[in-house]
Structures are given as C-alpha cells and as structure tokens.
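Notes for the one structure printed next.
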Amino acid sequence: MPNALYYGDNLAVLRESIASDSVDLIYLDPPFNSQATYNVLFRSPTGERSQAQIEAFEDTWHWGQEAEDAFDQVMMSGSTDAADMLRALRGVLGDNDTMAYLAMMLGEGSIAQI
C-alpha cells in the first residue's frame, strides 16, 4: 500500500503488514531508555497552547514476557556472539529494567535480520 503510515512495533508491522520484498528503506528512531513518558501537546484553533494532551509513548522498560521473548530471540538468532554477550549480561544484571532494555535492543530481529 503506497503512502501508508504504520504506528507501533516495527517488527510486528513488518511481519504482519508489509510484503518482505517491498521495502527499500526503514528509518528507526530507537528508544533511549529515558525513563520518561512523552505526550503530544495540542494547540487551540487560534494556535495557542492547549491543556489537551495525549500520551504518545512510554520510554521505560521492565522485565516481563516481552523482554523474555526478546532475549529468547537473540538466543535462537544464530548470532552466537550476541547470544553469549546477552547471556553474560543477564548473569550479571539479572532480570531488571536495564536487562529488559538491552534484550529489546538486541532482540526483536535486530541481530537475526542483519
């Protein structure tokens, strides 16, 4: 579908909505683990700032099923160096917020797709 904007998890969109031979370029702006929630602020019809806002995205990470899935993806990716590194980090850090962020950054197909 030309001129379409998809919002959400990039890997899920690529797997579910985009034909594999139809993508020329993907721009990703990765999260930075800022531990913040970002909002979209609206303006009134006159252009003045409004009190109205909605949550755009949350840049916080917590160990849970999504992090575990990302970790497992790296373990099964075939990239033994990445798997060894992530396994060692998990051994040192345990299952915490920082480990969830690292698993997400290395998981979700980023290693397997390179």
Test side chain to side chain contact (heavy atoms under 4.5 Å, CB included) applied to A88 - qualifying residues, sequence neighbours left out: none
Set of residues satisfying side chain to side chain contact (heavy atoms under 4.5 Å, CB included) with respect to D97, sequence neighbours excluded: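 D97: side chain to side chain contact (heavy atoms under 4.5 Å, CB included) contacts with H62.
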Heavy-atom side-chain proximity of L93 to L102 below 4.5 angstrom: yes
Rounded to the nearest 0.5 Å, how far apart are CZ of F71 and CE of M104?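 CE of M104 is found 15.5 Å from CZ of F71.
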[X] versus [Y], closest heavy-atom pair with distance:
| X | Y | value |
| --- | --- | --- |
| L89 | M99 | C-SD, 3.9 Å |
| A70 | A103 | CB-O, 3.4 Å |
| A36 | T60 | N-CG2, 3.8 Å |

[X]: side chain to side chain donor-acceptor pair (under 3.5 Å) partners, not counting sequence neighbours:
| X | answer |
| --- | --- |
| Q65 | D69 |
| D84 | R87 |
| D95 | R90 |
| T37 | none |

Let me see the working for W63 and E68 under side-chain contact (heavy atoms from CB on, under 4.5 Å), right down to the final yes or no. CA-CA 7 Å; W63 192 267; E68 189 71 50; 3.4 Å; yes
Which is it for L106 and M85 under the side-chain contact (heavy atoms from CB on, under 4.5 Å) test, yes or no, and what are the steps along the way? CA-CA 10 Å; L106 288 174; M85 179 186 68; 3.3 Å; yes
